[in-house]
Amino acid sequence: MKRVFANSQNSAEWLQWARENLERGCDLKDICHTIRTSGPMCLKLPTTYPPNNQYLLHPSQAAYDYFHSSQIIPKITRPEGVEDFVRMGNGNFQLFLGVHFLSHESCELLTEKISSASQQSTLTVPESDKDFRTSMTCHLASSDDKQVGEVDAMIAHSLGINSDYSEPIQGQMYSEGQQFKLHTDYFEPRTEEFKQHANEKGQRTWTFMIYLSKPNAGGFTYFSALDINIPCDVGTAIAWNNLRSDGSVNPYSIHEGTKIVSGKKTVITKWFRDKGNGQAFFSR
Ligand SMILES: O=C(O)CCC(=O)C(=O)O
Ligand SMILES: [Fe+2]
């Protein structure tokens, strides 16, 4: 980490310094430590939160995020890997893919259950774009179904996280023309959304998805920051960490359920949380 100036109390200079060092690949924790010990007592930072996720990808945003969220950073919930899954993406983002997670038979049965009891999907923040998320959601957990319970347990086991640290399992169904536009699954820190949704069970940590039925065209899961398109192959599962290793939110996790061109797509989604009862991780 290079020191470009000494004992400066100028916040802009320090932010610039943090940005340069982040771009050079220095560790965010070291940068923050230096700022805490040698930087200005009170960094003057923007008062408005960046409005879009593109801006969040800028390295200086990482520093900004870190300084501002230190009070509410959840504890680390990071499996080292996911059993039998391959790691995709880059060092900035943990994304895993597991083929043949579920048999075609199980996928068919679950698809039937989801299509028989689904309702319009909702969003955690109000959105003026009515096409933002147009899929249907099925609250599978409320069915008390044996197969659903087994899949739920398989997901938790595969990540190695205690299912008490999770939200109830859901199904999503997309018909032709339906989509879920670019978004992140974590709750935006310091917002109403965070206050409303993270209060009890904490921040969202991991997302786990299983593809149950494949559309004829379209319907990928697209991670735009990595330019990775995951096809909706029946039985395949993906899992990603919405947080960085220090527990702050990871903008590289931004993703989209692309529009269905023809056919239907059905998936299972399960979000893990920062808080729960008992040990967070299974011992392996
Ligand atoms: O359907 C997809 O591929 C993505 C779904 C998604 O991002 C979500 O439910 O949060
Ligand atoms: Fe998502």
Side-chain angles (χ1 to χ4, degrees), residues 52-53 56 85 88-89 93-99 101-102 107 110-111 114-115 118-127 129 131-141 151-152 155 159 166-188 193-194 197-198 201 203-243 249-273:
N52 67 50
N53 287 300
L56 282 175
F85 279 49
M88 319 260 301
F93 178 50
Q94 290 195 87
L95 170 65
F96 294 92
L97 182 137
V99 290
F101 183 79
L102 279 186
C107 291
L110 287 162
T111 300
I114 292 167
S115 55
S118 59
Q119 58 204 64
Q120 188 64 49
S121 303
T122 56
L123 291 165
T124 53
V125 265
E127 172 58 60
D129 178 359
D131 295 329
F132 197 84
R133 189 186 190 194
T134 49
S135 55
M136 304 290 280
T137 294
C138 171
H139 296 283
L140 279 168
V151 173
D152 204 9
I155 294 173
L159 277 177
S166 72
E167 294 177 33
I169 187 169
Q170 290 186 6
Q172 325 290 345
M173 211 175 61
Y174 300 77
S175 303
E176 208 170 290
Q178 295 185 335
Q179 63 191 330
F180 191 175
K181 289 186 183 177
L182 270 185
H183 66 279
T184 47
D185 287 356
Y186 54 73
F187 306 124
E188 206 69 63
E193 179 197 27
F194 192 95
H197 294 279
K201 290 199 69 88
Q203 178 61 286
R204 279 194 174 141
T205 58
W206 285 78
T207 301
F208 198 102
M209 271 183 54
I210 312 168
Y211 300 107
L212 303 177
S213 73
K214 189 180 172 77
N216 303 321
F220 294 86
T221 306
Y222 179 56
F223 291 87
S224 60
L226 291 89
D227 198 22
I228 291 180
N229 237 337
I230 314 266
C232 178
D233 289 332
V234 175
T236 290
I238 60 170
W240 67 89
N241 192 351
N242 295 292
L243 306 181
V249 298
N250 191 346
Y252 282 96
S253 64
I254 189 166
H255 59 279
E256 168 180 11
T258 70
K259 199 180 263 185
I260 310 297
V261 178
S262 99
K264 270 192 178 180
K265 165 182 172 184
T266 319
V267 300
I268 278 192
T269 31
K270 188 164 173 71
W271 292 282
F272 284 77
R273 296 293 198 97

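Starting from 1, each residue takes its place in the sequence as its number. This structure is a prediction, so every number in the text was calculated from the model and none was measured. For the numbers below, each heavy atom of this structure counts, side chains included, while hydrogens, waters and symmetry mates do not. Just so you know, ligand 1 is whichever comes first in the structure, and atom 1 is the first atom listed for that ligand.
Here the CE atom belonging to M88 is positioned 12.0 Å from the CH2 atom belonging to W240, to the nearest 0.5 angstrom.
Checking T221, I268, T137, I230 against atom 3 (O) of ligand 1, the nearest heavy atom belongs to T221.
The two residues I169 and K270 have their closest heavy-atom pair at N-NZ, 4.0 Å.
In this structure, E188 contributes its side chain and F194 its backbone to no donor-acceptor pair below 3.5 Å. Using a distance-only test at 3.5 Å, with no hydrogens or angles considered, no donor-acceptor pair links the side chain of Q179 to the main chain of K181. For the pair N241 (side chain) and W206 (backbone), a donor-acceptor distance under 3.5 Å is absent. With hydrogens and angles disregarded, a donor-acceptor distance shorter than 3.5 Å links the side chain of S213 to the backbone of T266. Between the side chain of T205 and the backbone N or O of F272, at least one donor-acceptor pair lies under 3.5 Å. Side-chain atoms of Q120 come within 3.5 Å of backbone atoms of S135 as a donor-acceptor pair (strictly under, hydrogens ignored).
At a 3.5 angstrom cut-off on N or O pairs, H255 counts as close to ligand 1.
Nearest N/O/S atom of H255 with respect to the Fe ion (ligand 2) is recorded as NE2. D185 contributes atom OD1 as its closest N/O/S atom to the Fe ion (ligand 2).
Atom 5 (C) of ligand 1 has as its closest protein heavy atom Y174 OH, 3.4 Å. Remark: minimum distance from atom 2 (C) of ligand 1 to any protein heavy atom is reached at K265 NZ, 3.2 Å.
Every atom of ligand 1 is numbered from 1 in the order shown, and the set under 4.0 Å from a heavy atom of T269 is 9 (O). Ligand 1 places these atoms under 4.0 Å from at least one heavy atom of H183: 6 (C), 7 (O), 8 (C), 10 (O). The distance from ligand 1 to the heavy atoms of D185 drops below 4.0 Å at these ligand atoms: 10 (O). Every atom of ligand 1 is numbered from 1 in the order shown, and the set under 4.0 Å from a heavy atom of M209 is 2 (C), 3 (O), 4 (C), 5 (C).
Within the structure, the closest approach of Q170 to ligand 1 does not fall below 4.0 Å when heavy atoms are considered. Put simply, no part of Y222 is less than 4.0 Å from ligand 1, judged by heavy atoms.
Under 4.0 Å from ligand 1, not a single heavy atom of Y211 appears.
Using cut-offs of 30° and 60° on the angle between ring planes, the pair H183 and H255 is perpendicular.
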